[in-house]
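Everything below concerns the one structure shown next.
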Amino acid sequence: MSRQVALHTETMWSGTVDTDAGAVSGWHHHGEHDTTLYIVAGRMRLESGPGGRSVVEAGPGDFLRVPAGAIHRESNPGDEASRAVIVRCGSGPPTINVEGPATSA
């Protein structure tokens with residue numbers, strides 16, 4: 001995954017993320033940041049919730065929301081690169097890596 005920062009202030013981070021086909025991120029959360037993604041091209045899958053069992057897929061023109069503190073991972077299940085625009089609003093570190101999915105709700 002390749003992230004490009006467009007604007008970063010004390011309370012907001014915005015930019016793009018390009019994800020190769022088949023790529024999967026590690027499990028993480030965004031601390032106190034609420035995150036909105038707008039899918040420009042390709043496919044994006046978000047896994048979250050206990051055991052990562054909540055799965056949402058999106059394509060061009062779709063919006064996805066990741067609430068503050070929600071442990072999740074992203075992937076590109078498609079066969080072409082994807083691109084999303086991201087806006088994160090909050091404070092503190094914007095990304096916190098963890099060992100695995102949430103164990104309870």
Side-chain angles (χ1 to χ4, degrees):
M1 294 181 172
S2 173
R3 290 179 177 84
Q4 297 294 318
V5 177
L7 177 65
H8 185 208
T9 70
E10 193 172 306
T11 59
M12 184 185 71
W13 185 100
S14 62
T16 58
V17 62
D18 295 305
T19 307
D20 290 336
V24 180
S25 76
W27 292 98
H28 62 282
H29 65 85
H30 299 293
E32 296 184 21
H33 290 82
D34 280 312
T35 302
T36 300
L37 299 100
Y38 176 76
I39 312 308
V40 176
R43 304 287 306 160
M44 178 171 273
R45 176 184 292 153
L46 287 177
E47 298 169 79
S48 63
R53 289 185 296 272
S54 177
V55 178
V56 178
E57 285 197 22
D62 291 335
F63 284 89
L64 294 171
R65 177 177 179 256
V66 180
I71 296 172
H72 66 285
R73 69 179 177 182
E74 305 109 31
S75 62
N76 177 352
D79 54 8
E80 61 184 54
S82 66
R83 171 168 272 199
V85 174
I86 304 170
V87 177
R88 261 187 214 115
C89 295
S91 60
T95 303
I96 300 163
N97 295 314
V98 297
E99 291 297 314
T103 56
S104 62

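Of all non-hydrogen atoms in P60 and A41, the two that sit nearest each other are CG-CA, 4.0 Å. In this structure, V55 and G52 approach most closely via the heavy-atom pair CG2-O, 4.0 Å. Closest approach of V24 to S75, counting heavy atoms only: CG2-CB, 3.7 Å.
The line from CG of N76 to CD of E57 is 9.5 Å long, rounded to the nearest 0.5 Å. Rounding to the nearest 0.5 Å places CZ of R45 at 12.0 Å from OG of S25. Once rounded to the nearest 0.5 Å, the distance linking OH of Y38 with CZ of R83 reads 13.0 Å.
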Derivation of the side-chain contact (heavy atoms from CB on, under 4.5 Å) call for R88 and H8:
CA-CA 9 Å; R88 261 187 214 115; H8 185 208; over 6 Å; no

Residues 92-101, side-chain donor-acceptor partners within the protein, below 3.5 Å, at least two apart:
none

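Heavy-atom neighbours of R73 CZ from other residues, nucleotides or ligands within 6.0 Å: above the threshold of 12.
For the residue pair H29/H72, the side-chain donor-acceptor check at 3.5 Å is not satisfied.
V66 belongs to a hydrophobic cluster whose remaining members, ordered by chain and number, are M1, V5, W13, V17, L37, I39, M44, L46, V56, L64, I86; membership requires side-chain heavy atoms of ILVMFWY residues under 4.5 Å apart, directly or through intermediates.
For the pair V85/V40, a side-chain contact is recorded, criterion being any heavy-atom separation below 4.5 Å from C-beta on. Within the 4.5 Å cutoff, the side chain of M12 has heavy atoms near those of the C89 side chain.
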